[in-house]
Chemist: 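My questions all concern the structure below.
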Amino acid sequence: EVQLVESGGGLVQTGGSLRLSCAASGFTVDDYAIGWFRQAPGKEREGVSCIYSSDGTTYYADSVKGRFSISSDNAQNTVYLQMNSLKPEDTAVYYCSRQPFYRCSKYGYRDGGDGYWGQGIQVTVSS
């Protein structure tokens, strides 16, 4: 059974850091694109970052470039999103998602409707 379990969210002040973890089971993370979408109240869901570790492809949305860093620990079958210099506009529910590898490119991270999703985790950045 495919499962994605997120952890590491919470409340942090502006300028602070959090590290999100996405622990995968039922498949090997380096066979797929793994990444994060987020959705804030009243806004559309956006692809924040992804990684396809088999060829090193990564993507970051312009809004998080230079602040967020994604990595994959294949031995732990876990993907991490290190979030630094957090801003109030980063406040959202963050969802870990598994997509076919071709949906992660330097141009974006796309949901094709056939992905798997974690339960979501709240990140709140106070001003």
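What you see is a predicted model, and the numbers here were worked out from it, not measured in a lab. All values below were derived from every heavy atom in this structure, side-chain atoms included, with hydrogens, water molecules and symmetry-related copies excluded.
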Chemist: Do Asp90 and Arg38 come within less than 4.5 Å of each other through their side chains, counting heavy atoms only?
Modeler: yes

Chemist: Is a side-chain donor or acceptor of Tyr109 paired with a backbone partner of Ser97 at a separation under 3.5 angstrom?
Modeler: yes

Chemist: Flag the pair Asp114 and Arg103 as a salt bridge only when some basic side-chain nitrogen lies within less than 4.0 angstrom of an acidic carboxylate oxygen.
Modeler: yes

Chemist: Do the ring centers of Phe37 and Tyr95 come within less than 6.0 Å of each other?
Modeler: no

Chemist: Check whether any side-chain N or O of Ser49 sits under 3.5 Å from a backbone N or O of Tyr59 as a donor-acceptor pair, and report yes or no.
Modeler: yes

Chemist: Side-chain contact test, heavy atoms from C-beta onward, threshold under 4.5 Å: evaluate it for Trp36 versus Glu46 and give yes or no.
Modeler: no

Chemist: Are side-chain N/O atoms of Tyr80 and Arg19 paired as donor and acceptor at under 3.5 Å?
Modeler: no

Chemist: Can you see whether Asp73 engages Thr78 through a side-chain donor-acceptor pair at a distance of less than 3.5 angstrom?
Modeler: no

Chemist: With heavy-atom distances below 4.5 Å as the criterion, would you say the side chains of Ile70 and Gln82 are in contact?
Modeler: no

Chemist: Verify the cluster assignment for Val93 and Val79: are they in a single hydrophobic cluster under the rule of side-chain heavy atoms below 4.5 Å apart?
Modeler: no

Chemist: For Val123 and Gly9, work out which heavy atoms get closest and say how close.
Modeler: CG2-CA, 4.2 Å

Chemist: Would a hydrophobic clustering, with Ile, Leu, Val, Met, Phe, Trp and Tyr connected at side-chain separations under 4.5 Å, put Ile34 with Phe68?
Modeler: yes

Chemist: For a quick test of reading the model, state the closest non-hydrogen atom pair linking Cys50 to Ser105 and the distance between them.
Modeler: SG-N, 4.4 Å

Chemist: Show your working on salt bridge (charged side-chain N to carboxylate O under 4.0 Å, His left out) between Asp62 and Lys65 and close with a plain yes or no.
Modeler: CA-CA 5 Å; Asp62 287 344; Lys65 271 181 191 173; 3.2 Å; yes

Chemist: Report yes if some heavy atom in the side chain of Ile51 is under 4.5 Å from a heavy atom in the side chain of Cys104; otherwise report no.
Modeler: no

Chemist: Hey, is the main chain of Gly120 close enough, under 3.5 Å, to the side chain of Glu6 for a donor-acceptor pair?
Modeler: yes

Chemist: Using every non-hydrogen atom in the two residues, find where Asn84 and Ser17 come nearest and quote the distance to one decimal.
Modeler: OD1-OG, 2.9 Å

Chemist: In the structure I gave you, are the side-chain heavy atoms of Thr91 and Gln122 within less than 4.5 Å of one another anywhere?
Modeler: yes

Chemist: Are any of the side-chain heavy atoms of Ser7 and Leu20 separated by less than 4.5 Å?
Modeler: no

Chemist: Would one find more than 12 heavy atoms of other residues, nucleotides or ligands at under 6.0 Å from atom OH of Tyr116?
Modeler: no

Chemist: Are Phe27 and Tyr32 near enough that their ring centres are under 6.0 Å apart?
Modeler: yes

Chemist: Could you tell me if Asp30 and Thr28 have a donor-acceptor pair between their side chains, going purely by distance under 3.5 Å?
Modeler: no

